[in-house]
There are 2 protein chains.
Amino acid sequence: MKVTPQRLAILQFLEGNTSHPTAEDIYRELKPQFPSLSLATVYNTLEALAGGGELQEVRITSNRRHFDPNPVPHCHFLCQNCDAIYDLEMWPEELRVPCEIDGNLILNSTLYLYGTCSRCRANQGNGGGDNDKENEPG
Amino acid sequence: MKVTPQRLAILQFLEGNTSHPTAEDIYRELKPQFPSLSLATVYNTLEALAGGGELQEVRITSNRRHFDPNPVPHCHFLCQNCDAIYDLEMWPEELRVPCEIDGNLILNSTLYLYGTCSRCRANQGNGGGDNDKENEPG
DNA sequence: GAGGTTAATTATAATGGTTATAAACAAAGA
DNA sequence: TCTTTGTTTATAACCATTATAATTAACCTC
């Protein structure tokens with residue numbers, strides 16, 4: 001796997017990033033610095049990194065793939081009010097892989113939670129708006 | 001919500017069905033008995049039933065929605081060898097909803113497992129083929 | 001460094017599951 | 001039976017993702 005400026009830029013953008021961006025998000029962010037960057041390159045790079053276990057895909061929403069540079073198993077929480085995706089460190093004991101359940105060999109697992117995040121709960125309690133889709137977590 | 005022959009047929013097809021069909025699967029199965037049936041009707045009906053909590057969507061594969069008539073929380077297991085989806089009754093204690101984690105209100109959750117099913121493990125042990133995509137469970 | 005091989009990047013077209021649309025139709029109640 | 005209202009149907013649109021093929025750049029060897 002060759003080292004290219006595009007791949008370095010994508011890796012650098014993802015490093016420590018907890019916003020769970022989509023390929024499109026990454027493309028939009030890097031395009032100004034990399035006018036020649038192609039969306040296909042972003043997809044190719046993410047595919048390669050995910051395949052190598054260096055990041056995980058997050059399929060918590062119906063129609064988009066998000067990406068998380070943290071490869072350690074943890075669960076993801078989608079706030080259905082503001083659409084933000086949060087990392088939660090909780091991970092059930094039963095899901096330590098590899099393991100065996102009813103004769104099946106379990107090699108991998110995903111755990112997605114849905115509800116209302118603490119920030120939105122506070123806003124709603126204060127009589128704030130119902131649907132703060134812009135208020136992503138910091 | 002009106003009772004129509006199409007909806008009854010879809011409900012009847014799903015009742016007790018553990019094969020986790022897609023909308024397309026249901027459409028293909030029912031089309032012979034219902035020549036006028038439209039794929040859009042299948043989607044509409046599934047959407048309505050899922051919204052009413054009478055069945056659950058299973059988004060265990062990358063690009064297709066599967067449906068499960070069993071609304072009780074349980075986890076889903078995809079065999080990456082034969083592509084079959086199995087129900088597993090295991091459900092971690094921590095995932096009983098509603099609950100609260102780090103101040104977030106959790107209302108719903110999904111748990112997907114990936115690996116090799118017992119049937120494929122047995123086949124592989126016997127020197128059988130690697131990729132029995134046709135061998136769906138009975 | 002220069003040359004050659006091989007893989008990556010790019011722009012763009014194609015894919016395909018799902019959703020939207022609007023007209024035709026049928027269920028349920030009066 | 002009539003009317004209203006929601007449903008079905010066929011089809012077009014949507015849009016995230018993938019495939020394609022030509023161009024370009026990384027990396028190895030000399």
What's the [atom1]-[atom2] distance between [X] and [N], to the nearest Å?
X	N	atom1	atom2	result
Arg64(B)	dG16(C)	CZ	C1'	9 Å
Asn63(A)	dG17(C)	CG	C1'	11 Å
Tyr27(A)	dT10(C)	OH	C1'	10 Å
Arg65(A)	dT18(D)	CZ	C1'	10 Å
Leu39(B)	dG16(C)	CG	C1'	12 Å
Glu57(B)	dG17(C)	CD	C1'	13 Å
Leu30(A)	dT10(C)	CG	C1'	16 Å
Glu47(B)	dG6(D)	CD	P	18 Å

(request) Check whether the side chains of Thr41(A) and Asn44(A) place a donor and an acceptor atom closer than 3.5 Å, and report yes or no. (result)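 No, no side-chain donor-acceptor pair sits under 3.5 Å.
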(request) Go through the side-chain N and O atoms of Asp25(A) and His20(A) and say whether any donor and acceptor fall under 3.5 Å apart. (result)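 Per modelled atom types, Asp25(A) and His20(A) side chains form no pair under 3.5 Å.
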Of the listed nucleotides ([options]), which one gets closest to any side-chain atom of [X]?
X	options	result
Tyr43(A)	dT10(C), dA8(C), dA16(D)	dA16(D)
Lys2(A)	dT6(C), dT9(D), dT9(C)	dT6(C)
Lys31(B)	dA10(D), dT18(C), dT17(D)	dA10(D)
Ala40(A)	dA16(D), dA11(C), dA10(D)	dA11(C)

Just N and O in the side chain of [X]: are any of them under 4.0 Å from OP1 or OP2 of [N]?
X	N	result
Thr4(B)	dA27(C)	no
Ser38(A)	dT9(C)	no
Arg59(B)	dG17(C)	no
Arg7(A)	dA8(C)	yes
Gln6(B)	dA26(C)	no

(message) Just to be sure I understand the rule, does Ser36(B) reach a base, reach only the sugar-phosphate, or reach nothing, if contact means heavy atoms closer than 4.0 Å?
(response)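 If one applies the 4.0 Å heavy-atom cut-off, Ser36(B) turns out to touch the sugar-phosphate alone, with no base involved.
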(message) Classify Thr41(B) by what it touches in the nucleic acid, base, sugar-phosphate, or nothing, heavy-atom distance under 4.0 Å.
(response)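 Since a base atom lies under 4.0 Å of Thr41(B), the category is base.
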(message) If the threshold is 4.0 Å, N to carboxylate O, is there a salt bridge linking Arg121(A) and Glu100(B)?
(response)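 Between Glu100(B) and Arg121(A) there is a salt bridge, with a charged N closer than 4.0 Å to a carboxylate O.
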(message) A side-chain contact here means heavy atoms from C-beta on lying under 4.5 Å apart; do Ile101(A) and Met90(B) qualify?
(response)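 Side chain of Ile101(A) against side chain of Met90(B), heavy atoms only: contact under 4.5 Å found.
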(request) Mind checking salt bridge (charged side-chain N to carboxylate O under 4.0 Å, His left out) for Glu57(A) and listing every partner two or more places apart, or none if nothing turns up? (result)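 For Glu57(A), the residues satisfying salt bridge (charged side-chain N to carboxylate O under 4.0 Å, His left out) (neighbours in sequence not counted) are Arg59(A), Arg65(A).
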(message) Please compare Asn44(B) and Met1(B) by the position of their nearest nucleotide in DNA chain C and report the one closer to 5'.
(response)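 That would be Asn44(B).
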(request) Check for a donor-acceptor pair, side chain of Asn104(B) on one end and backbone N or O of Ser118(A) on the other, with a separation under 3.5 Å. (result)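 Here the side-chain-to-backbone pair exists.
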(request) Hey, which sits more toward the 5' end of DNA chain D by its nearest nucleotide, Leu37(B) or Pro5(A)? (result)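 On the 5' side of the pair lies Leu37(B).
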